[in-house]
Each structure stands twice: as structure tokens, then as C-alpha cells.
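Computation of the quantities below employed the complete heavy-atom set of this structure, encompassing side-chain atoms and omitting hydrogens, waters and symmetry-equivalent molecules. Quick note on labels: first sequence line is chain A, next is B, and so on, each numbered from 1.
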Amino acid sequence: MSIQVRQIHKQFGSFVALDEVSIDFPSGQLVALLGPSGCGKTTLLRVIAGLEHADSGQVLLDGQDASATNVRERQVGFVFQHYALFRHMTVFDNVAFGLRMKPRRQRLSETRIHSKVHELLGLVQLDWLADRFPSQLSGGQRQRIALARALAVEPRVLLLDEPFGALDAKVRKELRRWLRKLHDELHITSIFVTHDQEEALEVADQVVLMNHGRVEQIGTPEEVYRHPATPFVYGFLGAVNLFHGRVDGEGLWVGEDRVPHSSGGVNQGAEVLAYARPHELEIVTDRERMDGVAARIARIRAFGASARVELEGTNGSTGAHFEVELAQVQVAELSLQEGQAVRLLPSRLRVFERQGAGG
Amino acid sequence: MTAADPSAPHIDAQGSGKVALSGHWTHRALTRTIRELRKALGQFPADTQWDLTGVARIDSFGALILWRAWGRAWPAQAEVPLAVREVIARVAAVRGDSLPPAPRPTLGAALEGVGGGVFRLGRHVSDFVALLGRIALDLVELVGDPAHWPLREITANLYKVGVQAMPVAALVGFLIGVVLSYLSALQLQTFGADVFIVNILGLGIIRELGPVLVSVLVAGRSGSAMTAQIGVMRVTEELDALRVMGISPYMRLVLPKVVALTIAMPMLVLWTSGVALLGGMVTADLQLDLGYGFFIQTLPRVVPAANLLLALAKGVIFGLLIALVACHFGLRVKPNTESLAAKTTASVVSAITLVILADAILAIVTRRVGVPY
């Protein structure tokens, strides 16, 4: 089922949680709502579920306006960050609860319910836990049970509110992959909320980036990572190095240092924010070179195949903090040392014109 | 810090209107000599030539001191390195407005406070009435659909708020009976009106004390538990989980509680009043030598049966009130633990207040019912 939201506006007191948000969620896709906490992504999810009412705007489910319909008529499955399992019921009863509580006419027989619950528990690979209570399960298991419970009522849409937010890093990774696989099997239109960019980029078909109640960019993980539309998106998706500078011809003045930049479309003399990813910066140790931003190496963290070098700006960009990622071999080749003065040369710069005093 | 310390902030007046600053102009380095430095900086006239090339480090604290000493404007002649200039420019960009004055208590603010309180109370009342209506509607619906009664929930609640409350209610009732009887006996003895102890205890306990006592107990014990239970379900998002599954929390959570307490309360009132009378009887026997037989025989004669019905009616009303208030506050809990604690307290306090208020109203309305004289 496709979902469309049209100009949803929601305010809590004077705080605008959703500011005229319009998004199309195509049928059968797994879409991630990504953004920092407080950006309105959970509110949007709750509005779609019908748990919250928007001040204005429409939610269209399969093209039909659902604004007036009750939560129970929307047929959504909802998975909560803290599982929200019923503590006094066994795993089996939790999953069966939604089925047993249906009006008599729609209710399945107890044997049908029994087989259906076991089928669902098999789907989340936890059939052997049916008689346990939620408190006896690990976080990852609880969340899978919660998912089985949400799927029990045969939802047309699956909504997940930071489903892996309360789990540790390893279990998160596992469940992430598992969710993707499950989605590929079931093909239910799913929306999941997360503040973890890695999670969103890895799992979702589409990523919706939100900030301050507004949509910043919508696109495939590839698109949003490669071509971030706004400084916010760039900064949010992975580590970045930020330069404040002024455009001058083919170069950029960062304080008294000059770096080349190739992206067009920026006015001469404009105050800009320039971004480069850690792997897009090159460390130059040659003292004769005058281009690049002067910096001092603060720390070298070398483990695994790549090394991370943390630097502090020294000239014109005092107080700025940079991070460079390079191969272990290069660190040895350049014989980098902590405290060493070097120059940073970006191989690729994304330049955004500075708006107002913001940045 | 000695003068030889190169990191100490230093002011060097070189004569002919030239001043050179050197050292670290940071918060850490400045704090020791801040007064002297401020004073020294303040001495120089506006047309001084400033040389800041010797400043090795500066932070916004140092920048602010300089900026203020310059009277919030760049001096006409100054040699400032770029790094230092940037820090000072950042400070300069911040508007130096002082903090807004603290709001003074005014009549308008007081009025606003009172008005806000009234509106909040109004909202509570309207929500409360809406909840009552909701439950009434659910009940009507259930009457037409007897198969859907949440019987299991109702009986579970009956057991929790009724049966499990019996020991504590008995203990409190008995002790109050003893104390009341003892105090009354002391007074009555001095007038030789011993036999009236039955009237006093009978009327007082059955008509007033029993229902109110139980209400206070139940509000503290079961009312708070109901608020907390619903509140916890809000915090853990179980309420939302119910709703997305298409299950009405009113039907499954609120209604069983209200029905159960409304049924359990009159029975608890009977139980507690009975035990309290027993306590009174024991004391009357020990203190005044009034036999149990006499007490039991006299009781129905001096306390008209209408009082018993009144007590039961009070039990029903108070039970309904307590359960409704508890659920009302439970549903208002916001998804955080602070709110949970606050609402649970509010629930108990409001329930007791409301019960006593209702009792006072009932006392006036029923002032001609069941009074023997």
C-alpha cells in the first residue's frame, strides 16, 4: 500500500514539530526517516499511524484520505523503540493478543490462531521462546517478538519507531540485516525512523532526511550520500571536515590559506561553507608548499587497515578540528607524528553558500 | 606566576601612546590578575596605538576584556594578527545586550496565574466528564453485546482492589473503632450516659466514618496503583501498542477498573464498618462494662436501616469517583517518569479531596434521612 503525506503541519505549543511536510512513500518499499533527535521524524510516524493528529494536512493511504479514520481502521503494524510488549503475558499471548481481541465475526478459531502465531514466531526465528515472558528475553529477541506481534494483525503498512535504538551495536547490525531480509520476503510498505545514518543507508530503499520539522532531501542511499542537497545532509551523513572560507577565482580563502576548489555555481567573493569527507583530505608534509590549510597533528589513531589522523587548524582556522582518513601505509610513508605541522589539501570539496549567520 | 613567565598576560606601555600586549590572554591565565589588568587597560586614552602581535593565545574571555576596554569599537590604530582579530571579531559580533530584567510580580501576572489555574481546572473537569461519558457509552455498547464483557479484567481487578484490601481495611477499622469508643466512653462516663455509646458509634461509623475511611485507604492503595499502572503503560508505549492493534484502552483498562472498584467499594465499606464496630464493642465492654449482647441488640434500634443503605450508596459513589480520578490522571501521564510520579500523587490527593467534598454534599442532601431524632 502506498502512503502519501500532504502538507502535514504539527505544533506542540510554540514548537513546530512538522512544518508542511509532504512525502510520497511508494508501495512495497522500505523507507528510512533519518534525522537528529527532535527533528519530527517520530511525530511524523505517529501521525501516519494515527496515534497523533496533525494540525493540518492529509495522510493518504492507497490514495484515500485517512485523516478522519481511527487508528484501528488504518491497519498499521507499529514497532516501538522500547518494544512495548505486555509484561504479564507470555510471548505467545503477546503475539496472539491482537488476533484474540478482534470482533467475534472476524476472529479466527483458537486453533487457527495457534498455528498462525507459531508461523509468525517461526518467521522471526523465535518459535522456541513461545512460553517465556518478555522479561526473560534479551533486547534483540524482544524486538523481534514485537515485530511478530505487529505483523500478526496483517498490517497493510509496517511502521518502526527507532526499532534498534535500545540495542547494543552488535545486535543492531544483526537485526538490521535481518530486517532487510524479512522485508524482501514480505514486501510490506515499511517506514522506519532512525537517527543512525549508517543504519538508514544500509537498510533502506529510500532515505528521507529531516531536520527541524522539514524534509531536507529524499533519495536512495547512494544519491543522498553522493549528492547531498544541503550542508545539513552533508554533515549528517558521516564524518565531515568543515572550512569557513571566501570564494576567490578558482580557489577558496580559508583565513590566510588558500585551497583549490572545483565546484562551480558559487558567486565570487561569497562567504561559503566547504565540506570534505575524511578520506577526501590529503596530508602534505612538504614545508615548501603554500597551498592547503595549515594544521597540526593532534592525534593519530591507527588500527585496522586505515588510520584516522586528528588535526587542529593553526593558521586562520584556529580552533577548527579536522579528521583525515588514510591507509596505514601512508602514515608510515609520510612518517607522520603527533605535534607535526602539516598542510591539508582537499581532493574534493563541496561548497555551500553561507546563508545568514547560520552554519 | 612571576613576571618572567612568558605565558602571563603582559601590558607594556612603550610611551608616546603605544601599548604592546603579550602573553596568553586566556581565561586561565587572566583570572589571577584580572583586576589589575582591567584597571591598567582602562588607563589608556582612546587614541592609543595597540600592538597585539605579542599575544600568543587569546580566547573569548580575553577578547571580551579587550573589547570592553576599547569601548566596544576597534581602536583607530591597532596592529592585530589575523588569528587574534578573528577571536575578537567573534566577541564583537555578539550583541552586548544585558539580560532582560526579571519579571516583577504584578497584578496582571497574578490574574493570569489565577486565570490559568481556573482554565486548567476547567480542562480537568471537561476531560473528566468526557471520560465518564466514554465509559457510559462503552457500558451501553456492552449491554447490547454481552459476549464482549472484559470479565477477566473485571474479576482480576475485583480481587486486587477488593479482596486484597480487606486485611489492611480491617486493621485500620478495628483500631479506629477502639480509639473512638475509648474517647467517647471517657466523656459519656462523666455524664453517666454510658448507653449512648451505641448511638454514637453506630451512627458515626456506619454513616460517616466507615465510607470515608475506606475511601482514603482505597484512594491511597488502589487509586495510586491504577494511575501508576496506566501511567507505566503510557511510558512503555503499551497504550499506543494497544491502540494500533485496534484495542480500546478504555474498554480493556479503564472500564474494568471503574466497574470493579464501584462493585468492591460498598462491600469494603460494609466490611470495614463492621470491624470498626467490633473494635468499638470490645472497648465498650472493657471500659464501660456494656455487654456484647446489649450492644448488638441496641444497635438496630438506635441506628435506622436507612443509614446502611446510605453507607452502601456512598461506597458506590466514592468507588466510582476514585476509579475515575485514578484513570483520568493515569491517561494524562506523559511518556516520562517524572510525569508518572507527579500524576500518581495528584491522583491520590484529588481522589481524597473529591471524596470528602462529595461526602459533605451528601451529608447536606441526606440530612433528613436515617436520623432517629
Side-chain angles (χ1 to χ4, degrees), chain A residues 12 42 45-46 48-52 70-89 94-107 134 146 149-150 152-153 155 157-159 161-162 244 253 255-257 294 313-320 357, chain B residues 24-26 55-60 62-63 80-95 141-142 144-150 152-153 156-157 160 228-230 232-253 334-337:
Chain A
F12 297 106
T42 295
L45 198 72
R46 292 174 66 88
I48 293 172
L51 288 169
E52 208 104 49
N70 199 298
V71 199
R72 64 178 105 173
E73 285 138 35
R74 295 199 187 182
Q75 292 176 32
V76 295
F78 205 107
V79 175
F80 297 87
Q81 183 178 4
H82 297 289
Y83 330 121
L85 293 173
F86 304 121
R87 279 155 295 149
H88 58 286
M89 291 184 195
N94 258 292
V95 179
F97 190 67
L99 297 171
R100 286 181 176 153
M101 287 298 141
K102 284 200 170 176
R104 180 143 296 196
R105 267 158 268 114
Q106 301 165 27
R107 205 188 305 166
R149 187 180 65 178
V153 288
V157 185
L158 190 59
L159 307 173
D161 182 11
E162 306 218 9
H244 293 267
W253 284 108
E256 292 162 357
D257 297 326
T314 47
N315 194 8
S317 51
T318 318
Chain B
H24 288 193
W25 286 72
T26 58
V55 174
R57 257 188 194 183
I58 189 164
D59 65 4
S60 37
V80 185
L82 191 89
V84 175
R85 181 175 286 271
E86 249 186 23
V87 177
I88 298 176
R90 210 154 53 214
V91 171
V94 177
R95 282 179 43 203
E141 196 183 312
L142 281 177
D145 183 14
H148 250 95
W149 277 92
R152 214 205 281 221
E153 286 91 337
N157 274 300
K160 242 194 309 197
Q229 193 208 343
I230 297 179
V232 165
M233 291 185 78
R234 162 79 77 211
V235 175
T236 59
E237 297 176 314
E238 281 173 65
L239 278 188
D240 289 332
L242 279 177
R243 284 174 61 200
V244 289
M245 281 175 163
I247 299 156
S248 157
Y250 292 96
M251 188 72 105
R252 291 286 144 189
L253 285 173
K334 296 196 180 63
N336 62 65
T337 41

How many angstroms lie between atom CE of B:M245 and atom CZ of A:R149, to the nearest 0.5 angstrom?
4.0 Å
If you round to the nearest 0.5 Å, how far is CZ of A:R87 from CE of B:M233?
7.0 Å
Residue selection (most heavy-atom pairs with chain B, distance under 4.5 Å) from A:F97, A:F86, A:F78, A:Y83
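Winner by heavy-atom pair count: A:F86.
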Less than 4.5 Å apart, side chain to side chain, heavy atoms only: is that true for B:D240 and A:R46?
yes
Within the structure provided, determine whether B:T236 and A:F80 are in side-chain contact (heavy-atom separation under 4.5 Å).
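Not in contact.
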Among B:D145, B:V87, B:L242, B:V235, single out the residue with the greatest number of heavy-atom pairs under 4.5 Å to chain A.
B:L242
Heavy-atom proximity to chain A below 4.5 Å, by part of B:R252
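Only the side chain of B:R252 comes within 4.5 Å of chain A.
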Is it the backbone or the side chain of A:L85 that comes under 4.5 Å from a heavy atom of chain B, or both, or neither?
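Interface part for A:L85: backbone (N, CA, C, O).
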Closest non-hydrogen atoms of B:E237 and A:D161, given as atom of the first, atom of the second and distance, are OE2-OD2, 4.2 Å
